[in-house]
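So you know, we letter chains A, B, ... as the sequences are listed, proteins then strands, and number each from 1.
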Protein chains: 2
Amino acid sequence: MKIDPKSRADLSAQIAKAIRDAIISGEMIVDERLPSEAELADQFEVSRPTVREALKRLAAQNLIRTQRGATGGAFVRRLRYQDAYAQHITTSTLLLSMNAVDFETACEARYALERACAPLSAQRRTPDQLATMRAEIHRQGQPGLSDEVFCDSDVAFHRALVDGADNPVLSYQLAGAVEAMQPLMNMITFTARSREEIIALHTRIADAIEAGDAGAADAALAELTAYTLTLGQQAMAARDAARHGTDAT
Amino acid sequence: MKIDPKSRADLSAQIAKAIRDAIISGEMIVDERLPSEAELADQFEVSRPTVREALKRLAAQNLIRTQRGATGGAFVRRLRYQDAYAQHITTSTLLLSMNAVDFETACEARYALERACAPLSAQRRTPDQLATMRAEIHRQGQPGLSDEVFCDSDVAFHRALVDGADNPVLSYQLAGAVEAMQPLMNMITFTARSREEIIALHTRIADAIEAGDAGAADAALAELTAYTLTLGQQAMAARDAARHGTDAT
DNA sequence: AAACAATAAATGTCTGACAAATGAAAATCG
DNA sequence: CGATTTTCATTTGTCAGACATTTATTGTTT
C-alpha cells in the first residue's frame, strides 16, 4: 500500500486508490480495521485532512465504514446487495437522464433483460413471489389510482418477477435497468384503456409463471414490450406537440 | 439545497447528500459551476475542510469534477458511459468476491443476460463487430496462450457480441456481469481440449450472428452456458481437493 | 500589436487545536 | 469479592487560519 511520492498531484485520490486496490485485491478482508487516520498520515507522509478526504471517497463508495470512539476507526465494509442496488440505481438514473437516452433504448434494454429472467422465474418462483405478482395486479386494477402509484406497482410486479429467478446477481443487474426507467415511465399518462391492456398482459405473465410455461411468459413479455413502446411514443409525441404549442404563443 | 442544522452528526455526509440531490433532481445542470468552497462553507455554516470532504465524496461518484485556478471550481460532471462502466464493474466485482457468490449463480446470470442480447445483435451487429468476434476466435486458437490471455480474449469476444445489440444501456448493464465474472473464470485452467470446445461454440455463435439467425445463436449460447458450468464445477472440485490435501499434511 | 509580468481567485495542502463518542481500565461501594 | 460507577485514553469529527499551486485575466512594456 504505497503511493508515488514524486507526483504530488491529487494526493487524496492517490491514497484512496491505494487503499481501494488493497481492498479489491483481497489484501484487506471484511471487517478488518484500517490504521488510524494519524497512522495513515504518517505512512503516506501527508497530513490528516488529506487522509480524511481519501477515506471519505472510499466511504462514498461503501467500501469502508467509520466508527468513533476508543476502539473505533475505519473498517473494511462488506458490500451488501442492498447498498449495491442503491448505488447502481443512482448511477443508472443519472446515466439515462444526463445522456438523453431515448425511451425506446431504455425500454428495449429493460424488457430484453427481463425476458432473460422469465424462464428461470417460471422454474423457481416461490409461492410468495407469485402472490406478490397477483397482489400487484389487483392493486393496478383499483380505480382512482394516480399514474405514479400505478408505476410503482408496475415496478413492484416486475421486481417480483425478476426475484423469482432466485439469482441475486440477476436481481442486482436488473434493479438498475427497471428502476432507472421510472422517470421515463412517469411521463406516460395511463388511460383506463391502456391500464386494462397492461393488467391483461400482467395476468398472462403471472399465469405463465404459475404454470411454469417459459414460452408463454416470453410471448406475453414481448407483447408488453411492444405495447409499452407504443405508449411511450404516444407520450413523447404529445409532449413534443405541447412544447411546440407553447413555443408558438 | 439546505441541511438540517439541528443534527450535527455526519455533516459532510449531509452536505454531500444535499448537493447530490440537487444534481439528481436536475436543479443543477451539466457543467454548471458549484459555489466555491468558501461560499459553500458559509452557506452550510461549516468549515472549509468539512465542505471539502463532502465534495470528495461526490468526486468519488464521478458526479463532479474540480479544476484549479482562477476560473476553476467544482463543476457538475456529465456522467459518461465509460465512467459508469468502470464504477459498475468495480462494484460488481466487489459484490461477487465479498459475498462469496458461487460460480453457478454468476455464470447463470452472465449467460442469461447475454442471451437477451443475442437476438438484437443478430439483427444489428456491424461488420466491424463481427470482425472483432472473428479476430478474437482466431486469437483464442493461437498455441501457447496463457489462461489469463485466453480469458481476456473471451471477454473481448462477448463484449463485441453485446455491443452488437447497439443498445448502450444493455452494454452498460452487461459490462458489470461479464467483467465481474473474470476473477471466477480465471480460476479455471483451460486444457487444449476445452479450448477447442469453446472455440467451436464461439464459431457457431459468430456464424449465427452473421446469418442473422437468433435461434441458432441462442442455442449455441445455451450450450456454452452448460459447458462453462461444467468446467467451473471441475475447477471448484479440483481446488477443494487441493485444499483438503494441504490441510491434511 | 505582441510578448511578458503582475494579479486575483480558486483549489490543494498543512498545522494545530478542540469536541464528541466510546470502550476499557481503575476506583469505589455494598 | 463482585457489581457499579467513574475516569481515562483513543479515535473520529470539526474548526480556524495559513501557505502553496494553478490558471485566467489584466496591465505593462517593448
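- Put simply, OH on B:Y85 and CG on A:L95 are 8.5 Å apart, with the number rounded to the nearest 0.5 Å.
- Within the 3.5 Å criterion, the main-chain N or O of A:L161 finds a donor-acceptor partner in the side chain of A:S121.
- Closest to the side chain of A:R68, out of C:dT15, D:dT12, C:dG23, is D:dT12.
- Nearest nucleotide to the B:S36 side chain, out of D:dC15, C:dT11, D:dG13: C:dT11.
- The nearest whole Å value for the distance from the CG atom in B:L58 to the P atom in C:dT11 is 14 Å.
- Counting to the nearest Å, the P atom of D:dA16 and the CG atom of B:L11 are 12 Å from each other.
- Residue A:R48 places no side-chain atom within donor-acceptor reach of the base of C:dG16, judged by atom type and a 3.5 Å distance cut-off alone.
- Using a 4.0 Å heavy-atom cutoff across all strands shown, B:R33 reaches sugar-phosphate atoms only and no base atom.
- Taking atom CZ of A:F44 as the reference point, atom P of C:dG12 lies 19 Å away to the nearest angstrom.
- The separation between B:K56 atom NZ and C:dT11 atom C1' is 8 Å, rounded to whole Å.
- Proximity of A:S47 to the phosphate of C:dC14: a side-chain N or O atom is located under 4.0 Å from OP1 or OP2.
- Between atom CZ of residue A:R78 and atom CG of residue A:D83 there is a gap of 12.0 Å, rounded to the nearest 0.5 Å.
- The side chain of B:R52 contributes no N or O atom lying less than 4.0 Å from OP1 or OP2 of C:dT11.
- The CD atom of A:Q67 sits 10 Å away from the C1' atom of C:dA21 (whole-angstrom rounding).
- Judged by closest nucleotide on DNA chain D, A:T71 is the one of A:P49 and A:T71 placed further toward the 5' end.
- In this structure, of C:dG12, C:dA9, D:dC15, it is D:dC15 that holds the atom nearest to the side chain of B:T50.
- Residues B:L40 and B:V46 have side chains not in contact (no heavy-atom distance under 4.5 Å, counting atoms from C-beta outward).
- Listed by chain and number, the residues in a side-chain hydrogen bond (donor to acceptor under 3.5 Å, both in side chains) with B:T105 are B:D102 (sequence neighbours excluded).
- The distance from atom CG of B:D10 to atom C1' of C:dA20 is 13 Å, rounded to the nearest whole Å.
- Distance, A:E53 CD to D:dT12 P: 16 Å, rounded to whole Å.
- Which of D:dG13, C:dT11, C:dC14 sits closest to the side chain of B:T66 comes down to C:dT11.
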